[in-house]
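A, B, ... follow the sequence lines: proteins, then strands. Residue 1 opens every chain.
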Number of protein chains: 2
Amino acid sequence: MTQLAHTFSALGNQTRFAIVERLLNEGDLPVGAFLTMDNLSPPALSRHFKVLREAGIIERRVDKQQRIYSVRPQAVQQICEWSISYRKFWSAGLDRLEQALSEAD
Amino acid sequence: MTQLAHTFSALGNQTRFAIVERLLNEGDLPVGAFLTMDNLSPPALSRHFKVLREAGIIERRVDKQQRIYSVRPQAVQQICEWSISYRKFWSAGLDRLEQALSEAD
DNA sequence: TTGTTAATTAACATAAATGATAAATAATAA
DNA sequence: TTATTATTTATCATTTATGTTAATTAACAA
């Protein structure tokens, strides 16, 4: 599987997509912060983090008992670059992209 | 499942990702153009097209016996906008994005 | 009509994904 | 030491995904 298909595969699950979005929005968090999510058991959550990690989307650091996860910027960047590489195809103009770029500042 | 997770799920398969990339690069094509791919049977291929279509990534038009598939620009655009919305997070600068934008012209 | 081409649907087998509970590991607290 | 907290690994059950062959549908061509 190509790197990008692997990335999409990991993100193509509601729970994992929500984990990544929350890490992006709230910053680094330990597994425990997601325990209430979908009433998922700790092992189920742990496996989702493992899938994301093996796809290169997140990485972890150990802090005492906790494993703190964070999104790897390169992962999101690669997605962006892939979509941008087809920009001529999907964009009738640069309006929406330029707006997004300016709003992100 | 959110729309985007659904999109990623459909793209998270080597065969389907390759189908989409080929449609993006070569333009609209009928199912038959992919028959040699991975030595996949017609029904297997047909199902992959169905998954992509149900995720809103491709659409088809009927032309005599053939079903011609094309990528929906909005699908790629949504992926781009999602990644761009986190640009501040992943981009240390605009260098690579700006380069991609200019090269795409 | 009869046969061929293009694609899909039906039915089924097998592999992979996902979840749960139980047990294990490691750090911390009492 | 013993108990508690945080997370993972091991097992196992169930669902979903993916592939195959056979049959079906629809458009053409002889």
- What string of B, S and - do you get for nucleotides 2-14 of chain D 5' to 3' if you count protein non-hydrogen atoms under 4.0 Å? ---BSSBB-B---
- Query: Do the side-chain N or O atoms of B:His48 get closer than 4.0 angstrom to the phosphate oxygens (OP1, OP2) of D:dG19?
  - Reply: yes
- Item | Partner set under side-chain contact (heavy atoms from CB on, under 4.5 Å) for B:Glu54, not counting sequence neighbours | B:Lys50
- Message: Going by side-chain contact (heavy atoms from CB on, under 4.5 Å), name the residues that satisfy it together with B:Asn25, two or more places apart in sequence or in a different chain.
- Response: A:Tyr86, B:Glu21
- Specify the closest pair of heavy atoms between B:Met1 and A:Gln14, including all atoms of both residues, with the distance to one decimal. CA-OE1, 3.0 Å
- Query: 5' to 3' on DNA chain C, which nucleotides open and close the contacts with chain B (atom under 4.0 Å from a heavy atom)?
  - Reply: C:dT5 to C:dA11
- Message: When you measure from the side-chain N and O atoms of B:Ser41 to the phosphate of D:dT20, is any distance below 4.0 Å, counting only OP1 and OP2?
- Response: yes
- Message: Going by the rule salt bridge (charged side-chain N to carboxylate O under 4.0 Å, His left out), which residues pair with B:Arg22 if we only count those two or more places apart in sequence or in a different chain?
- Response: B:Glu26
- Over 60° means perpendicular and under 30° means parallel, so classify the ring planes of B:Phe17 and A:Trp82, tilted if in between. tilted
- Query: Mind checking what makes side-chain hydrogen bond (donor to acceptor under 3.5 Å, both in side chains) contact with B:Ser83, not counting sequence neighbours?
  - Reply: none
- Note on the structure: Shortest non-hydrogen pair, B:Ala18 vs B:Met37, comes out as CB-CE, 3.3 Å
- Message: Checking A:Gln65 now: which residues fulfil side-chain hydrogen bond (donor to acceptor under 3.5 Å, both in side chains) with it, not counting sequence neighbours?
- Response: none
- Touch check for B:Ala44, heavy atoms < 4.0 angstrom, all strands: base, sugar-phosphate only, or nothing? base
- Task: State which residues pass side-chain contact (heavy atoms from CB on, under 4.5 Å) with A:Leu40; sequence neighbours excluded, sorted by chain then number.
- Result: A:Thr15, A:Asp38, A:Ala44, A:Leu45, A:His48
- Name all pairs fulfilling the ring pair (Phe, Tyr, Trp, His ring centres under 6.0 Å) condition that reach into residues 49-74 of chain B, sequence neighbours left out, sorted by first residue then second. B:Phe34-B:Phe49, B:Phe49-B:Tyr69
- Just checking, is any N or O donor in the side chain of B:Glu81 or B:Ser85 under 3.5 Å from an acceptor N or O on the other one? no
- Message: Give me the atom names and distance for the closest heavy-atom approach of A:Pro73 to B:Phe89.
- Response: CA-CE2, 3.8 Å
- Query: Angle, rounded to 10°, between the helical axes spanning five pairs at each terminus of the helix from C:dT1-D:dA30 to C:dA30-D:dT1?
  - Reply: 10°
- Task: Could you list the residues that satisfy side-chain contact (heavy atoms from CB on, under 4.5 Å) with B:Ser46, not counting sequence neighbours?
- Result: none
- With a non-hydrogen cut-off below 4.0 angstrom, is A:Asn39 in contact with a base, only sugar-phosphate, or nothing? sugar-phosphate
- For DNA chain C, the residues among residues 9-21 of chain B that have a non-hydrogen atom under 4.0 Å from it: none
